[in-house]
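In what follows, a structure is listed as structure tokens, so that the remarks can point back to it.
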Amino acid sequence: MARGGNQKKKRPAAGRRTLLADNRIARRNYEILETIETGIELLGTEVKSIRAGNANLRDGFVLVRDGQFWLHNVHISPHDHAGSYFNHEPLRKRRLLAHRREIDRFDAGVSRKGLTVVPLNLHLKGSWIKLSIALARGKNLHDKRQDDRARQDQKDMRAALARR
């Protein structure tokens, strides 16, 4: 009788990313100038909740305080199968893990140029949960309309080529 012990388990590739949460509003409201990938300091119930898809980055923003990135206003729902004592606060501040050079570069952009730092997406990289953040400049209404018009033109062009 053959045993299944000599079969290899399939694991995801180390470089492959699985998207867990995306902030599409940030891409519409801001012009993205530079992005970096950071680690995020999470509690166990937060990890389980994010892997279940219960994270919302829509109103989130990043501040630099005491030489560290802090993620504010990102809602991670409490985990379903944890008691209220062991669960986390949904809107608590979370520390982001980045290199000193990256923090200083983003801090200089925010303080001198009037830019802002916004979260773009949460994703799995291997087994680690990572957060992509961006140094961004706010768009005016006419910039948003211009982008919408260009996107619609591209869509119309693809549709016309598909009809041929």
Side-chain angles (χ1 to χ4, degrees), residues 12-151:
R16 198 175 94 184
R17 292 181 178 181
T18 303
L19 191 65
L20 299 171
D22 194 22
N23 189 359
R24 294 183 308 182
I25 300 296
R27 296 186 193 279
R28 174 173 165 70
N29 291 341
Y30 297 98
E31 175 187 353
I32 307 300
L33 303 175
E34 183 179 353
T35 63
I36 60 170
E37 183 180 77
T38 63
I40 182 169
E41 199 173 78
L42 296 170
L43 300 173
T45 54
E46 290 174 328
V47 172
K48 290 181 177 189
S49 192
I50 289 171
R51 284 179 179 249
N54 297 327
N56 185 358
L57 301 173
R58 178 173 289 192
D59 297 326
F61 59 95
V62 177
L63 295 177
V64 179
R65 295 285 181 251
D66 300 325
Q68 295 179 344
F69 281 137
W70 290 93
L71 180 65
H72 291 264
N73 214 22
V74 168
H75 188 275
I76 299 174
S77 299
H79 187 56
D80 294 336
H81 301 295
S84 61
Y85 180 76
F86 294 106
N87 241 327
H88 60 275
E89 287 183 46
L91 288 173
R92 75 178 188 91
K93 295 188 305 186
R94 295 166 182 91
R95 188 166 65 122
L96 300 180
L97 310 172
H99 292 285
R100 170 71 45 214
R101 292 182 309 271
E102 295 171 336
I103 294 171
D104 292 342
R105 189 173 63 232
F106 273 49
D107 191 26
V110 168
S111 61
R112 291 191 200 121
K113 300 177 185 174
L115 304 176
T116 188
V117 183
V118 293
L120 294 180
N121 63 38
L122 273 170
H123 57 272
L124 278 176
K125 186 175 183 182
S127 63
W128 298 95
I129 294 177
K130 299 287 187 174
L131 177 74
S132 294
I133 61 175
L135 190 61
R137 177 181 298 123
K139 286 184 186 177
N140 293 326
L141 183 60
H142 65 274
D143 292 334
K144 293 179 193 176
R145 287 180 181 163
Q146 196 172 23
D147 287 348
D148 288 343
R149 193 173 304 119
R151 196 175 307 116

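Because the structure is predicted, anything quoted here is derived from the model rather than measured.
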Run the salt bridge (charged side-chain N to carboxylate O under 4.0 Å, His left out) check on R28 and D147 step by step: do they pass? CA-CA 8 Å; R28 174 173 165 70; D147 287 348; over 6 Å; no
Using the rule given for side chain to side chain contact (heavy atoms under 4.5 Å, CB included), can you reason through L135 versus V110, listing the C-alpha separation, both sets of side-chain angles and the distance that settles it, and then say yes or no? CA-CA 8 Å; L135 190 61; V110 168; 4.1 Å; yes
Rounded to the nearest 0.5 Å, how far does [atom2] of [Y] lie from [atom1] of [X]?
| X | Y | atom1 | atom2 | result |
| --- | --- | --- | --- | --- |
| L43 | K48 | CG | NZ | 12.0 Å |
| Q68 | R100 | CD | CZ | 7.5 Å |
| E102 | L97 | CD | CG | 11.0 Å |
| R149 | H142 | CZ | NE2 | 11.0 Å |

Counting heavy atoms not belonging to [X], are there more than 12 under 6.0 Å from its [atom1]?
| X | atom1 | value |
| --- | --- | --- |
| K144 | NZ | yes |
| K130 | NZ | yes |
| F106 | CZ | yes |

Of the non-hydrogen atoms in [X] and [Y], which two are nearest, and what is the gap between them?
| X | Y | result |
| --- | --- | --- |
| A98 | T38 | CB-CG2, 3.9 Å |
| G67 | I103 | O-CD1, 3.6 Å |
| G60 | P119 | O-CD, 3.4 Å |
| L57 | N23 | O-ND2, 3.1 Å |
| L42 | E46 | CA-OE1, 3.3 Å |
| S127 | R51 | O-NH2, 3.0 Å |

Less than 4.0 Å between a side-chain N and a carboxylate O, is that true for R151 and D148? yes
Determine, for R137 against E31, whether the closest basic-nitrogen to carboxylate-oxygen distance falls under 4.0 angstrom. yes
Taking the side chain from [X] and the backbone from [Y], do they hold a donor-acceptor pair closer than 3.5 Å?
| X | Y | result |
| --- | --- | --- |
| S49 | T45 | no |
| D22 | R24 | no |
| R27 | I32 | no |
| D59 | N73 | no |

Go through the steps to decide whether L124 and I129 satisfy the test side chain to side chain contact (heavy atoms under 4.5 Å, CB included), and finish with yes or no. CA-CA 5 Å; L124 278 176; I129 294 177; 3.7 Å; yes
Check against side chain to side chain contact (heavy atoms under 4.5 Å, CB included), F69 and R95: CA-CA 6 Å; F69 281 137; R95 188 166 65 122; over 6 Å; no
Test side-chain contact (heavy atoms from CB on, under 4.5 Å) applied to I133 and N121, T35, L120, L96, the passing residue: L96
Check the angle between the aromatic planes of H72 and F61 and answer parallel, tilted or perpendicular using the 30° and 60° thresholds.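 Parallel, since the angle between the ring planes stays under 30°.
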Test side chain to side chain contact (heavy atoms under 4.5 Å, CB included) on R94 and L131 and set out the steps. CA-CA 11 Å; R94 295 166 182 91; L131 177 74; over 6 Å; no
